[in-house]
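Scroll down for the structure; my scribbles are underneath it.
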Number of protein chains: 2
Amino acid sequence: MHRIIRLADLEAMKTGKSNKKSTLSTEQKIKEAARKIFHEKGFAATRTRDIAEEAGINLALLNYYFRSKEKLFGVIMFETLDAFLRTLIPVINDGTMTLEEKVEFLSSAYIDQLIVEPQIVLFIMSEIKNRREDSMLNSRIKALLSDSVILEQYRQAVSEGKFPDLNFWHFMINVIGLTIFPFMGASTLKHIGGLTDDDFVSLMQERKRLIPVWVRAMFAPA
Amino acid sequence: MHRIIRLADLEAMKTGKSNKKSTLSTEQKIKEAARKIFHEKGFAATRTRDIAEEAGINLALLNYYFRSKEKLFGVIMFETLDAFLRTLIPVINDGTMTLEEKVEFLSSAYIDQLIVEPQIVLFIMSEIKNRREDSMLNSRIKALLSDSVILEQYRQAVSEGKFPDLNFWHFMINVIGLTIFPFMGASTLKHIGGLTDDDFVSLMQERKRLIPVWVRAMFAPA
DNA sequence: AAATAATTTAATCAAACGTTTAAGCTATTT
DNA sequence: AAATAGCTTAAACGTTTGATTAAATTATTT
C-alpha cells in the first residue's frame, strides 16, 4: 500500500507557500538535484539514485515527496517549460512593441537566458518529442500563437509590403532558430571550432546585436 | 566466458562482402531495427528486447552478432554520422564551387535528406552531447574544417569586402541552423502551427529556394 | 510532558534489463 | 554420409532500478 502523499504540499510548493521550513528545503533539494540531472541526461538516462545522491538525501525520500520518478519529472518539466516560456508569452500579444522590437527583445533575452543554461533547449526538444508532455506545451503555445498580436503584426507588415509574402512560420523558425540553435550544438561547436567557453559566450553576445540586423535583411521587401 | 564473436564478419559487413547470404540478412535486420529504435528513442530509452522484436529475431542473436547493446549502438552511430557527413565532406574542400553555390547545394541536399529522416538531427545532437562518441565527430569535422577551402573562401570574401567582417562561425551556424533547425522541432511545429505533414514538407521545400537568398541578404556587405 | 504527526533511514522487493548458457537446428565441408 | 562450423532458440542468470516497507527520529500539537 502507498504511504499517504501530501499532494497539498505539492500545490503549496508551486505557489511558494509552505507551513514547514524543513519540508520545503528537502523538497527543494530534491527538485534542484532532479532538475540538474534530468536537464543533463534526460528522463531515460537518469536514475533516481543519482538524484538522491546529488541531493544528499535517502532514496526513499524521493518517492515520499514525489511518489514516482515519472511524477517528479512531470514537476520539473512543467517548471522548465514555464520558466522557458515566461519570457515569450507577454511579448507575443504585446501591442505596444513593433515586430522589430520584439525580435530584438526576444533574441537578446533568450541568449542571456541560454548562456546560463545552454542545455535546456536540447532537453525540452528531446523530451517533448515522444512523450505526451507536448500537450502541455502545445495547448499553451498553440492557443498563444493562433490569433496572436505578433501574427497579426506579421500579416500587416506583409500586406503593407514591408515584408515579402512568406509564410509566417518561416519568420518564426528563423528568429527562433538563429537564437537558440547554436546552444543546441554548443559543446560540439566548441570542440570543432576550437572555441573556449569565453569565445562561445562572446559569439553569442555578438548575436544579440546581429540577429535583429539579419532578420531585417532577410525579410526586407523584394 | 564469451562466445567467440566473428569480428571478421563485422568488417565484411562494412564493405558489403559476406560469405553467407543469411548472415548478412540477419545482421541487416538487427541493424535496421536498431537504427530505427535508437534514432527514435535514443540509447538510454531503447531496450534490446524492443530491437529484437522489431527485427523479428531472438534476443540472444543481438549479442551473438554485436556482443553488446553498447557495441551495436556504436555501429549505428558510426554509420549514422557517416551517412550524415557524406554530403558535407566533399563540398567543404571543393575548389570549383563558390561559397554561394555551396550554400545552395548543401541546404538543398540536407533538406531533401531530412525530409525523409527528420529525427536524426535531434538524435545525433542528443547522443553526442554526453558520450565520448563526439570524438568520432570531432576528429573528423575538426580536421575537416580547420584549413578548409570553405574557410578560406569565407576569409577571401571578407577581405574583398563582399562579406561583412564577422566570425566565420556566425556564417556556419546560420547556414546550418536555418537548414536543420526546423527539423528538430518538426513535431512541435506541426502541432503548434496546425500544419499537416504535407504542409511541413512544402515549407521545407520552399526553404531550399529561400535559404540561399536569406544568407545572401544576411551577409551582404554593410 | 505526552501524544500525535511528519520526516528520514536502512533494508528489501519485484520487475526490467542486458547478457549468457546450453542445446538444437541448418548449412557447408570433407 | 559423417563431421564440422555457423546460426537460432528457449531459458535463465545476475544486476540495476524504481518503488515500498517498517522502524527510528524529529517536529508539532495538545
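Residue numbers begin at 1 in each chain, while the letters A, B, ... track the order of the sequences. Keep in mind that the numbers below use all heavy atoms, side chains included, and drop hydrogens, waters and symmetry copies. The structure presented is a predicted model; accordingly, all values stated were derived computationally and were not measured.
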Looking only at dT8(C), dT9(D), dG18(C), the nucleotide nearest the Tyr64(A) side chain is dT8(C)

From the candidates dT9(C), dT8(D), dT20(C), the one with an atom nearest any side-chain atom of Asn63(B) is dT20(C)

- Query: Between the base of dG18(D) and the side chain of Arg47(A), is there any donor-acceptor pair under 3.5 Å?
  - Reply: no

Inset, instruction - Using a strict cut-off of less than 4.0 Å between a Lys/Arg side-chain nitrogen and an Asp/Glu carboxylate oxygen, indicate whether Asp94(B) and Lys102(B) qualify as a salt bridge. - result: no

Phe43(B) CZ to dC17(C) P, in whole Å, measures 13 Å

From CG of Leu62(B) across to P of dT9(D) the rounded distance in Å is 13 Å

Note: for Leu61(A) and Ile57(B) on DNA chain D, the residue whose nearest nucleotide lies more 5' is Ile57(B)

*asked:* Students often get this wrong, so: under 4.0 angstrom with heavy atoms, is Leu59(B) touching a base, only sugar-phosphate, or nothing?
replied: base

Here the distance between atom C1' of dA23(D) and atom CG of Asn58(A), to the nearest Å, is 13 Å

Could you tell me whether Lys36(B) atom NZ has more than 12 heavy atoms of other residues or ligands within 6.0 Å of it?
-> no

Give a yes or no on whether Glu53(B) atom CD has more than 12 heavy-atom contacts from other residues, nucleotides or ligands under 6.0 Å away.
-> no

From NZ of Lys71(A) across to C1' of dG18(D) the rounded distance in Å is 13 Å

When rounded to whole Å, the CZ to P distance for the pair Arg49(A) and dG18(D) reads 7 Å

Comparing nearest nucleotides in DNA chain D, the 5'-proximal residue of the pair Ala60(B), Thr48(A) is Ala60(B)

Whole-Å distance, Glu53(B) CD to dA10(D) P, equals 14 Å

>> One thing to verify: whether Glu79(A) and Lys31(A) come together as a salt bridge, which I'm taking to mean a side-chain N less than 4.0 angstrom from a carboxylate O.
In response: yes

Asp50(A) atom CG is separated from dT16(D) atom P, nearest whole Å, by 13 Å

Here the distance between atom P of dT17(D) and atom CD of Glu70(A), to the nearest Å, is 17 Å

Can you find a heavy atom in the side chain of Leu151(B) that is under 4.5 Å from one in the side chain of Ile92(B)?
-> no

